[in-house]
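Below, chains carry the letters A, B, ... as their sequence lines are ordered, and counting in each starts from 1. As the structure is a prediction and not an experimental result, all values here were calculated from the model. What you see below is based on every heavy atom in this structure, not just the backbone, and it leaves out hydrogens, waters and symmetry mates.
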Amino acid sequence: MAEEIKITFPDGSTKAFPKGISGEEVAKSISERLLNDAVAVKIDGEPKDLYIPIDKDCELKIMTSREDESIDIYRHTTAHLLANAVKELFPESKIAIGPTIEDGFYYDFDRETPFTPSDLEKIEEKMVEISKRALPIRREEMTWQEAKELFEKENEPYKAELAYEKGQNGKVSIYRQGEFTDFCRGPHLTNTSKIKEGTFKLLSIAGAYWKGDEKNKMLQRIYGTSFFSKKELQEYLKKIEEAKERDHRKLGKELDLFSVSEEVGGGLILWHPKGAMVRKLIEDFWRDEHLKSGYEFVYTPHVGKSALWETSGHLDFYKENMYPSMEMEHQTFYTKPMNCPFHVMIYKSRHRSYRELPLRWAELGTVYRYEKSGVLHGLMRVRGFTQDDAHLFVPPDKMEEEVIGVINFTLKMLKAFGFEEFTAYIATKPEKAVGETQRWEDATKALQRAAQNARISYEFDEGGGAFYGPKIDIKIKDALRRDWQLSTVQFDFNLPEKFQLEFIASDNRPHRPYMIHRALLGSLERFFGILIENFKGAFPLWLSPEQIRIMPIADRHVSYAEKLSTQFKSRNLRVSVDSRTEKINLKIREAQLEKIPYMLIVGDKEIESETVSVRTRSGGDRGGKKISEFLEDVERRIHEKDLNLE
RNA sequence: GCCGAUGUAGCUCAACGGUAGAGCAGCGGAUUUGUAAUCCGUUGGUUGGAGGUUCAAGUCCUCUCAUCGGCUCCA
C-alpha cells in the first residue's frame, strides 16, 4: 500500500493523498476548472511548480490568477519566452537577467548590435510561435558547480556568474523548455502554451548596465508586460496612452505654463505667466498656512563661502551634486544645494533660550544641484529648484509633539490640493551613521507615533535613513494611481554637532537641540508637474490662472462684458474678456482648450435681464444665472478649494 | 556620464541623394455672429550646430549639442 500524506487546504480542511502526488493532480482531484486555472502551488507558503511531487504533510494552496502573486509567475514565464525567442532569432546573444517588475518584466541581453523596434515585432512573433509549440517547462536542481559548468558549456557567462553567486547557500535550479535553458529560481507555468497570444507585449528597448553598475558592460534590455487576459493587457496599454496625454511636458507647452530652453540650460525652468500665477497661488496658500502653524519666514543667499560647506559636511558628502566653485577676491564660493547651513547660521547669530524653542523657520529656498544630463526630466528632475523648506530647532522634551505637528500639517496641506491617499515610509539607522544610538531610537519612535497619530499607513525602510538621521517620507497617489513622493521629515544629528548648536535650558546650562529638516511639497517645480498631471492641466478653480472668461456675442455686448470684468476683478477674481470679432463657437473652443473653469456668454438676453449665461469646462452649458448668484457660488467654491465647478 | 531613438516654420508633421512643403498659429482684409474651428489673402526656414563624402546632402559619414526611453524593484 502506498504511503499517504496529509494535505491541509486554506479553508482548514484536511485530506489524505498518496505520497509523491503533484499539485496538478491535487488540483485535478478538486475540479478540472481549478486544474485549468492553476498557475503554481504554495506549499507551506512557498511557491512551487505544479508538477513537483509532494512527499510530506503540508499546507497547500493552489495559486490561480486570482492571487496577486500569480501574475509575477505568469510574467516571469513570459520573460523566459522572450529570452527563448531572442536566442532562436539571434543565437549570438547572451542572456543575463530577466526579472518581473511592477508592471511587467524585462530581460537583459549582451549583443553587439542593439535591438531595433522592428526586431521587437519579430521577437513577438517568435514568442507566439514558441508558445504554440506547447513545450513543457521543467525544473532541474543541481549544485552551483554543475550549473556553472552547464552555462559555461552553453557559452552563457552571465548565467554562470549568477550560478556561482546565488549558489553559495545550497542547491540551485534551472528551467528547460525545448532547447532553451535558463538559470532561475522559479516557479514557472508548466508549458509555454500557457502564455496566450495577445496577452503580452514588448514595450521598449533600453541600455542597462550589468548589475546596474556603470563600471560594468552595457547590455540591451527589452521591456515587456503580460496579463492573464487580453482585456487586462488592453486596459494597461490604454493607461499608458492616458499617461501620455497627461504628460506635464506636453501640457506645459500646450497651456503655455513653462518651458526649458536649450540656450539657458537643461534642467533650468522658465515659468511663463500662467505657470507663475499657479505658483504664486500655491506660495500664497503655503505662506498663510505656515503662519497659522507657528512658523516664521527667513530668506537666505544663493551662494556661500567654502568654509560654510566644509563645516556642514557638504563638501565631504555632497560635492558631486554641487555646482562647481566660483573664485572671487581669493575666496571660494559655492552655489547652495541646500538651505540648512544658512538657517543654522541664523540660529547661531545669538544665544538661544529654551523659552523661544521650538523655532520653526521656513523658506521657499531655491537650490542648485548637479544632475547628470541623462536623468533630467521636465519639471520632475531638474538642476535648479525651489524647496518648500523649513528647519525646526526643538528641545528634546518637545521633540515628539513637534513631529506629530509636522506630519499633521503636511497632510492638511496635501489634502488642500486634492490628494487623499498617503503612505509613509520610515527610514531607520544605516550602518554608517552619526549621532548617539539613543537619539536615533527616540527620533525613530517619534516618527512612528506621528504616523500612527495621523492614521496613515506606514512601512519601515530598515537601514534606509541618511547618515545624519532617520526620516519619514510621505507618498501620495495621483489620479492615475501612480505614487509620488512629496513630503519628507528628516532628523539631522550632524549639523547641530558640526556647528555646535546650543540653547540655554532652565538649568542655565547649554543643551543641544534636535534639528528637523522638512519639506511638504518637495519642490515647487516637481509639485507643479505632479499637479499638472494629476488634474490633466485643468487646475481646480482656486488654482486656475484664469478663472473666468467673459465672451460677448457681438461688439455691442463688449461694454457690458467689460463692466462685469471690472466688477469681478475688484473682488479678486481672475477674469478676462474675449472681445475679438469672432464667432462665439470659436471663443468657446479656445477657452475650453485652455481649460478655463467658467465661460460667461453675454448677449442681448443677458443684458436685458442682468444675467450671465454660464458654461463650465466640465459640464458644458449651465444656463442663465443672476450675477450675484454666480459670484456667490464661485466665491464659495474658491474659499472651500472645491475641486468641482457644478 | 553610458546605451538606443529623435531633432525640418512658433506648434503638429511631410519631402526615392536632385528646386524644402502642409495644417494650425501669426499678420492683413472681409464677416457682427447664441454654447467646441467663418471666409479670402499673406509673412515665415543657414533642415539643432561644426566638419566631411558627392556634380548635387534635410537625406550618407564623423564630431558636437539638446530632447525622449532606459541604466539591479534580487537567477
Next item on the list: Measure the distance from CD1 on Ile607(A) to C1' on G34(B) and round it to the nearest whole Å.
Entry: 13 Å

Checklist line | Rounded distance in Å between the P positions of G10(B) and U43(B) | finding: 16 Å

Notebook entry, point to check: Which nucleotide, in any strand shown, forms a Watson-Crick or G-U wobble pair with A56(B), with both distances under 3.5 Å?
Noted result: none

Check: Which is true for Thr100(A) with a 4.0 Å heavy-atom rule: it touches a base, it touches only sugar-phosphate, or it touches nothing?
Finding: sugar-phosphate

Next item on the list: Could you let me know what A20(B) is paired to, Watson-Crick or G-U wobble, both distances under 3.5 Å, or none if it's on its own?
Entry: none

Margin query: In whole Å, I'd like the distance from the CD atom of Glu582(A) to the P atom of G34(B).
Written below: 13 Å

Checklist line | Working for side chain to side chain donor-acceptor pair (under 3.5 Å), residues Ser544(A) and Gln547(A) | finding: CA-CA 6 Å; Ser544(A) 287; Gln547(A) 296 167 310; over 6 Å; no

Check: On a whole-Å scale, what distance lies between the P atoms belonging to U12(B) and A20(B)?
Finding: 24 Å

Margin query: Less than 3.5 Å apart, any donor N or O on the side chain of Asp108(A) or Tyr158(A) sitting next to an acceptor on the other?
Written below: no

Note to self: Of the options U33(B), A36(B), C71(B), whose atoms approach the side-chain atoms of Ile588(A) most closely?
What the structure shows: A36(B)

Next item on the list: With the side chain of Gln592(A) defined as its heavy atoms from C-beta on, choose the nearest nucleotide among U32(B), A36(B), C71(B).
Entry: A36(B)

Item checked: Any His377(A) side-chain nitrogen or oxygen under 4.0 Å from OP1 or OP2 of G69(B) -> yes

Note to self: Just to be sure I understand the rule, does Asn585(A) reach a base, reach only the sugar-phosphate, or reach nothing, if contact means heavy atoms closer than 4.0 Å?
What the structure shows: sugar-phosphate

Note to self: Please give the distance between the C1' atoms of U42(B) and A9(B) as a whole number of Å.
What the structure shows: 15 Å

Next item on the list: Under a 3.5 Å limit for both distances, which nucleotide forms a Watson-Crick or G-U wobble pair with C68(B), could you say?
Entry: G4(B)

Note to self: Quick one about Asp604(A) and His557(A) (side-chain donor to acceptor, distance below 3.5 Å, no hydrogens or angles considered), yes or no?
What the structure shows: yes

Checklist line | Atom C1', compared across A66(B) and U8(B): separation rounded to whole Å | finding: 15 Å

Margin query: Between Glu594(A) and Lys274(A), does any side-chain N to carboxylate O distance fall below 4.0 Å?
Written below: yes

Margin query: Strictly below 4.0 Å, N to O, side chains only: are Asp119(A) and Lys122(A) in salt-bridge contact?
Written below: yes

Next item on the list: Tell me which nucleotide among C71(B), U38(B), G34(B) gets nearest to the side chain of Lys583(A).
Entry: U38(B)

Next item on the list: Identify which nucleotide among U31(B), G34(B), C73(B) has an atom closest to any side-chain atom of Glu102(A), counting heavy atoms from C-beta outward.
Entry: C73(B)

Margin query: Within the 4.0 Å heavy-atom criterion, would you say Glu320(A) contacts the bases, only the backbone, or no part of the nucleic acid?
Written below: nothing

Notebook entry, point to check: Which part of the nucleic acid does Asp108(A) contact within heavy-atom distance under 4.0 Å: base, sugar-phosphate only, or nothing?
Noted result: nothing

Next item on the list: May I have the distance from Tyr106(A) (atom OH) to C71(B) (atom C1'), rounded to whole angstrom?
Entry: 9 Å

Notebook entry, point to check: Now, which nucleotide makes the Watson-Crick or G-U wobble pair with U31(B), with each of the two distances under 3.5 Å?
Noted result: none

Check: What is the nucleic acid contact for Leu219(A), judged by heavy atoms within less than 4.0 Å: base, sugar-phosphate only, or nothing?
Finding: nothing

Check: Of all the choices, C11(B), A36(B), G70(B), which nucleotide is nearest to the side chain of Tyr223(A) once you look at every atom?
Finding: G70(B)

Checklist line | Identified pairing partner of U62(B), criterion: Watson-Crick or G-U wobble below 3.5 Å | finding: A50(B)

Next item on the list: Mind checking Val375(A) for me? I need base, sugar-phosphate or nothing, with any heavy atom below 4.0 Å counting as a touch.
Entry: base

Note to self: Once you measure the plane-to-plane angle for Phe258(A) and His248(A), does it fall in the parallel (<30°), tilted (30-60°) or perpendicular (>60°) bin?
What the structure shows: parallel

Margin query: What's Ile584(A) touching, base or sugar-phosphate or nothing? Going by heavy atoms closer than 4.0 Å.
Written below: sugar-phosphate

Next item on the list: Describe the nucleic acid contact of Gln220(A) in one word from base, sugar-phosphate, nothing, applying a heavy-atom distance below 4.0 Å.
Entry: sugar-phosphate

Item checked: Touch class at under 4.0 angstrom, heavy-atom based, for Ala208(A) against every strand present -> sugar-phosphate

Note to self: Please determine whether a side-chain nitrogen or oxygen atom of Arg249(A) lies at a distance below 4.0 Å from atom OP1 or OP2 of C68(B).
What the structure shows: yes

Checklist line | Residue whose nearest RNA chain B nucleotide is more 5′ - Met218(A) or Gly603(A) | finding: Met218(A)

Checklist line | Sugar-phosphate only, base, or nothing, as touched by Ile601(A) at under 4.0 Å among non-hydrogen atoms | finding: base

Margin query: Please classify the nucleic acid contact of Arg185(A) as base, sugar-phosphate, or nothing, using heavy-atom distances under 4.0 Å.
Written below: base

Item checked: Nearest-angstrom distance, C1' atom, C65(B) to G48(B) -> 7 Å

Checklist line | Carboxylate-amine/guanidinium contact Glu235(A) Lys239(A), below 4.0 Å | finding: no

Notebook entry, point to check: What integer number of Å spans the C1' atoms of A36(B) and C40(B)?
Noted result: 23 Å

Notebook entry, point to check: Which one is paired to C73(B), where only Watson-Crick or G-U wobble pairs with both distances under 3.5 angstrom count?
Noted result: none

Check: How far does the P atom of U19(B) sit from the matching atom of C24(B), given to the nearest Å?
Finding: 26 Å

Next item on the list: For the side chain of Lys253(A), starting at C-beta, report the closest nucleotide among U32(B), A36(B), C11(B).
Entry: C11(B)

Next item on the list: Scan side-chain atoms only and decide if Glu646(A) and Thr616(A) contain a donor-acceptor pair under the 3.5 Å cut-off.
Entry: yes

Next item on the list: Quick one: label Phe115(A) by what it contacts on the DNA or RNA (base, sugar-phosphate, nothing), any heavy atom closer than 4.0 Å.
Entry: nothing

Check: Hey, does Lys605(A) reach any base, or is it just sugar-phosphate, or nothing, if we go heavy atoms under 4.0 Å?
Finding: base

Note to self: Roughly how many Å apart are C13(B) and C39(B), using the C1' atom of each and rounding to a whole number?
What the structure shows: 25 Å

Next item on the list: Output the single nucleotide from G69(B), A37(B), U32(B) whose closest atom is nearest the side chain of Arg589(A).
Entry: A37(B)

Checklist line | Assigned partner base of G26(B), Watson-Crick or wobble definition, under 3.5 Å | finding: U42(B)

Notebook entry, point to check: Has Lys587(A) got a side-chain N or O lying under 4.0 Å from the OP1 or OP2 atom of A37(B)?
Noted result: no

Check: Of all the choices, U38(B), G34(B), C71(B), which nucleotide is nearest to the side chain of Leu586(A) once you look at every atom?
Finding: U38(B)

Notebook entry, point to check: Hey, does the side chain of Tyr425(A) reach the backbone of Lys475(A) with a donor-acceptor pair shorter than 3.5 angstrom?
Noted result: no

Next item on the list: Among A36(B), C74(B), C71(B), find the nucleotide with the atom closest to the side chain of Arg221(A).
Entry: C71(B)

